[in-house]
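For clarity, every value in this text was computed on a predicted model and none was experimentally measured. Order of the sequence lines fixes the chain letters, A, B, ..., with proteins taken first and strands second; residue numbering starts at 1 for each chain.
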There are 2 protein chains.
Amino acid sequence: MSMTNETGMKRPFTDGQDLLPGLSIDPVIFGFHEGQLKILLLRFRGMDAFALPGGFVHLSEDVDEAAARVLYERTGLREIYLDQFYTFGKRDRRDAGTQQTLLQGNGVELPNTHWLLQRFVSIGYYALIDFTKANPTPDPLSDSCGWHDLATLPPLIFDHTAMVYKALETLRKNLDDKLIGFALLPETFTMTDLQQLYETILGKPLQRTNFQRKILSLGILERLEKKMSGGAHKAPYLYRFISPATP
Amino acid sequence: MSMTNETGMKRPFTDGQDLLPGLSIDPVIFGFHEGQLKILLLRFRGMDAFALPGGFVHLSEDVDEAAARVLYERTGLREIYLDQFYTFGKRDRRDAGTQQTLLQGNGVELPNTHWLLQRFVSIGYYALIDFTKANPTPDPLSDSCGWHDLATLPPLIFDHTAMVYKALETLRKNLDDKLIGFALLPETFTMTDLQQLYETILGKPLQRTNFQRKILSLGILERLEKKMSGGAHKAPYLYRFISPATP
DNA sequence: TAGGTATTGTATCTTTTTGATACAATAATA
DNA sequence: TATTATTGTATCAAAAAGATACAATACCTA
């Protein structure tokens, strides 16, 4: 979980009455750009470490809705692939020192009994978005919200690093049978784009010809016109993902 | 989540001060007996519907520890395969009517502000146990705790039916790559036992000879002496599961 | 006690899937 | 217009999965 909330700077800390107590959500928001898997991270004012762009759950919303709302608040995107992957409930997952630093950085001092300083359990979600469409937006406690290469992750607060790797593990497991990779690409893409994405997620090279055969055999791609001006060579086809449910 | 707690009948409802507010855990405890997958269900006093044997999380424990504790309290077993599968967070997942019935059945009346009547998010766990070793034990609000065939599940309270099927789905997915099926069998078993288990979990018949070849090729079984007196035919070997980590 | 029976263990064949290699097609460039 | 780097497909080979055949055998029973 993070110190993120959605109330704006004038009321950085509500009394928490309209929130589920002790519960947060932490979305791992994946993007893909220039051959690299990336995730969205916040940096809180006055802190070195980064954090997942978390949030809390209103009494009036489902937990899933809260996750979608936070995703929208940080990216401006709705109707995104978003799925729960794990719930983090270690007793001491949030160390007091980090919490203090975080509050001080924002010039806030809270009594130990404040709801924000109690024990929190956090529900991890992962989202797959089209990198080019996202509009990363910091939250009230942060001075930045931006993309970071998964390959060179900076230090994260609390157990957020473990969250990221657990999310990646889930993404890898679901890549083939849920066919979710396409959510990370623009509407149309070449077979090479798709292969690069798969190679990056799986962390291993794939054989071009066999990858093409395999993907095409799934019958989930519509072949469009060719993509010209890609270089001094044969032009590749563009493809569009078609849901297996809509044949 | 369920109304189960662990405080004993004399104090059926604590003030909740030592518990994580609004958070419960619900274990789906699987067993296998006579070719049937079974789960442990409670019946609350004066109610028709059954429930998963849930519990709450103490401030002093990790959520995982709470799940293991509840599992122990209902079965007498420790060191059991136990894994989280999903967290249920729909706003209206617990309907007020059922809660009232449940309390009335136990002769309890609580104000609407009582912690037990607030909104709850529940973390689902699934456990795989050796049917022959379990000692099902009701909790203070229940008059029974027993096995029920998954194939003929009675009505369950709240969203517990959905929980069970989500747990089953997770079990199916993990059956092959986590090699967890063996946790449902006794220490030693025949290949036919194992095949029946797989067929029941997966819900489809498997070819005997190919199943045997596949399983043996994994190198995770130790072949023991033969099991005699199984009938007027060739006696099958008994096997023991050996962890792939311990070769 | 010996032959019948139902199952078990393994071998073998076929089919499908995956992996590796070869090669013709071609859009831009020089 | 020839060159180049890449793309699309075909065709091998190897491995995995599916199907079938059959010998081995523990127990029953006649």
Examine [X] together with [Y] and report whether their ring centres are nearer than 6.0 Å.
| X | Y | value |
| --- | --- | --- |
| Phe56(B) | Phe120(B) | yes |
| Tyr81(B) | Tyr126(B) | yes |
| Tyr86(A) | Tyr86(B) | no |
| Tyr125(A) | Phe85(A) | no |

Fill in: Strand contacts (DNA chain D) in residues 185-198 of chain B, 4.0 angstrom heavy-atom criterion
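Heavy-atom cutoff 4.0 Å gives no residues at all.
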
Between [atom2] on [N] and [atom1] on [X], what's the gap in Å once rounded to a whole number?
| X | N | atom1 | atom2 | value |
| --- | --- | --- | --- | --- |
| Asp176(B) | dA17(D) | CG | P | 10 Å |
| Leu216(B) | dT8(C) | CG | P | 14 Å |
| Gln207(B) | dA17(D) | CD | C1' | 10 Å |
| Glu225(A) | dG8(D) | CD | C1' | 17 Å |
| Gln212(A) | dT17(C) | CD | P | 18 Å |
| Phe211(B) | dT10(C) | CZ | C1' | 16 Å |
| Tyr237(A) | dT6(D) | OH | P | 19 Å |
| His233(A) | dT29(C) | NE2 | P | 10 Å |

Worksheet item: So, is Lys214(B) close to the dA17(D) phosphate, meaning a side-chain N or O under 4.0 Å from OP1 or OP2?
Response: yes

Worksheet item: Which sits closer to the 5' end of DNA chain D, Ala232(A) or Asn210(A), going by the nucleotide each is nearest to?
Response: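 Here Ala232(A) is the residue nearer the 5' end.
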
Worksheet item: Under the 6.0 Å and 45° cation-pi test, does Arg223(A) pair with Tyr239(A)?
Response: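 The answer is no; the distance or angle limit is not met.
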
Item to complete: Starting at CH2 of Trp147(B), measure out to CD1 of Ile39(B) and round the result to the nearest 0.5 Å.
Response: 9.0 Å

Worksheet entry | Arg208(A) or Tyr239(B), whichever maps to the more 5' nucleotide of DNA chain C | Tyr239(B)

Discussion item. Closest-nucleotide mapping onto DNA chain C: is Thr209(A) or Gly231(A) further toward the 5' terminus? I mean the 5' end.
Written reply: Thr209(A)

Fill in: Test log, rule salt bridge (charged side-chain N to carboxylate O under 4.0 Å, His left out), inputs Arg240(A) and Glu187(A)
CA-CA 6 Å; Arg240(A) 183 206 317 276; Glu187(A) 177 79 10; 3.0 Å; yes

Item to complete: May I ask you to decide if Leu77(B)'s main-chain N or O and Thr75(B)'s side chain share a donor-acceptor pair within less than 3.5 Å?
Response: yes

Counting only pairs under 3.5 Å, give me each side-chain donor-acceptor contact of residues 201-209 of chain A, with atom names and distances, residues two or more places apart or in other chains.
none

Please tabulate, one pair per line, each protein N/O and nucleotide N/O from nucleotides 12-14 of chain D that are separated by under 3.5 Å, including the distance.
none

